[in-house]
Amino acid sequence: LHIFAISGLHVGMIAGMIIFVLNACRVPLSRWILFLAPLLIIYTLATGARPSAVRACVMAIVYFVAPLLRRRPDSLSAVSFAGLLILAFAPAEIYSVGFIYSFVVVIGLITLYPVFEQPLMRIARMDPLRAGEVPAEVQVGHTIARYFVGLLAASIAAWLCSAPLTAYFFGRWAPIALIGNLFVIPLAFAILLTGCLTLTVGACIGFLAEVFNHANLALITVLNKGIEAASTLPGAHARTDPISIWIVVAWYATLAAIKWRSVVQQAENADHRVEPPV
């Protein structure tokens, strides 16, 4: 249901498509916000202005307005401002499960993604001691591997941040999401892309609208069948009694400790790389 509901995921995908076009047109980074902001605001309002979509919209605008103001973009500052802005206009959202989910998962992705991405990426990187020219198919293979490794790191971070909330609010565990996201997210992006192409290109050429609509239906069918098949795997998901709030607190305290340890280790590695004075 999350995949098909308008959420921050879709706003992020729309932003990615717009950025791809702006980059292809060689628009300077400092000018991206002039095109990105109005298009994202229109999309967010047209789709109902859900809290997660508003959060993603505000985050993107705050993040990409920084280059225009000659400031360095900061993801945590952007998500913090988005939360304050939403609560300023709708304070009751602080009690909304959707609001809590949206911000907890996004903050978790920002902070924990590097923790898992860096060690996992060592698996997909090329051998630095490899001699000779690297064949094109090997380079493509490594690019695909890096993409799925990054997707796996994001999936792990998102699941670790959402799992205790799912158990607390709904009494359900779904470890299958760790694997399911590897095909759900790319398919969701392809579904959104074909939908956008139907509206844009198809508006000019009716035949292409029909082609993209059929492609969209095929992708949705594959996604639905894949989710149904994954849900039948042993241990894919389970119901349980809602967990205690103290278990949730302990869970996030453990994640915070993991992040802190990663930061300390990075600082130590940086110190070791500094050459001693002569």
Side-chain angles (χ1 to χ4, degrees), residues 1-17 50-53 55-56 97-121 123-124 141 143-196 215-240 242-243 247-248 251-252 254-255 258:
L1 290 178
H2 170 72
I3 294 300
F4 293 109
I6 298 300
S7 65
L9 174 66
H10 299 85
V11 177
M13 291 178 177
I14 292 293
M17 295 178 192
R50 302 294 301 170
S52 59
R55 183 263 309 156
V97 175
F99 179 90
I100 297 171
Y101 256 96
S102 177
F103 280 89
V104 168
V105 172
V106 169
I107 292 173
L109 281 170
I110 294 173
T111 56
L112 293 179
Y113 174 79
V115 175
F116 301 107
E117 188 265 350
Q118 292 173 1
L120 288 174
M121 197 58 72
I123 303 174
T143 300
I144 295 174
R146 287 196 300 270
Y147 169 76
F148 279 100
V149 165
L151 198 58
L152 178 60
S155 179
I156 293 173
W159 185 84
L160 285 175
C161 292
S162 63
L165 295 179
T166 305
Y168 178 75
F169 288 115
F170 305 110
R172 179 181 290 275
W173 293 94
I176 191 61
L178 285 167
I179 302 174
N181 284 335
L182 297 180
F183 76 90
V184 166
I185 300 302
L187 279 175
F189 180 80
I191 290 169
L192 187 63
L193 177 61
T194 52
C196 290
N216 191 273
L217 177 60
L219 291 169
I220 291 175
T221 302
V222 170
L223 179 60
N224 280 331
K225 295 297 183 182
I227 292 175
E228 291 175 2
S231 67
T232 61
L233 295 175
H237 60 90
R239 290 190 178 275
T240 181
I243 62 176
I247 296 178
V248 177
W251 184 291
Y252 288 118
T254 302
L255 294 181
I258 293 173

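Please read all numbers here as calculations on a predicted model, not as lab measurements.
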To check you understand the geometry: which heavy-atom pair defines the closest contact between [X] and [Y], and what is its length?
X: Y113; Y: G150; answer: CE1-O, 3.2 Å
X: G195; Y: N216; answer: N-ND2, 3.5 Å
X: R239; Y: F170; answer: NH1-O, 4.5 Å
X: I176; Y: A230; answer: CG1-O, 3.8 Å
X: W173; Y: I243; answer: CZ2-CG2, 4.3 Å
X: L109; Y: A154; answer: CD2-O, 3.3 Å

Check your understanding: Is the backbone of A190 close enough, under 3.5 Å, to the side chain of T194 for a donor and an acceptor to pair up by distance?
Key -> yes

Exercise for review: Examine distances only and state if a side-chain atom of S102 and a backbone atom of F99 form a donor-acceptor pair shorter than 3.5 Å.
Suggested key: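 Judged by distance alone, no pair lies under 3.5 Å.
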
Let me confirm one number: the [atom1]-[atom2] distance from [X] to [Y], rounded to the nearest 0.5 Å.
X: L192; Y: L219; atom1: CG; atom2: CG; answer: 11.5 Å
X: L112; Y: E117; atom1: CG; atom2: CD; answer: 13.0 Å
X: L187; Y: L182; atom1: CG; atom2: CG; answer: 11.5 Å
X: C161; Y: F103; atom1: SG; atom2: CZ; answer: 14.5 Å
X: K225; Y: I220; atom1: NZ; atom2: CD1; answer: 13.5 Å

Exercise for review: With side-chain contact (heavy atoms from CB on, under 4.5 Å) as the test, would you mind laying out the steps for Y168 and I247 before giving the verdict?
Suggested key: CA-CA 9 Å; Y168 178 75; I247 296 178; over 6 Å; no

Check your understanding: Step by step, would you call S155 with I185 a side-chain contact (heavy atoms from CB on, under 4.5 Å)?
Key -> CA-CA 10 Å; S155 179; I185 300 302; over 6 Å; no

**Study point:** Verdict with supporting geometry, W159 and T166, side-chain contact (heavy atoms from CB on, under 4.5 Å)
**Key:** CA-CA 10 Å; W159 185 84; T166 305; over 6 Å; no

Practice item. Verify side-chain contact (heavy atoms from CB on, under 4.5 Å) between W251 and L255, making sure each step is shown before the conclusion. Key: CA-CA 6 Å; W251 184 291; L255 294 181; 3.7 Å; yes

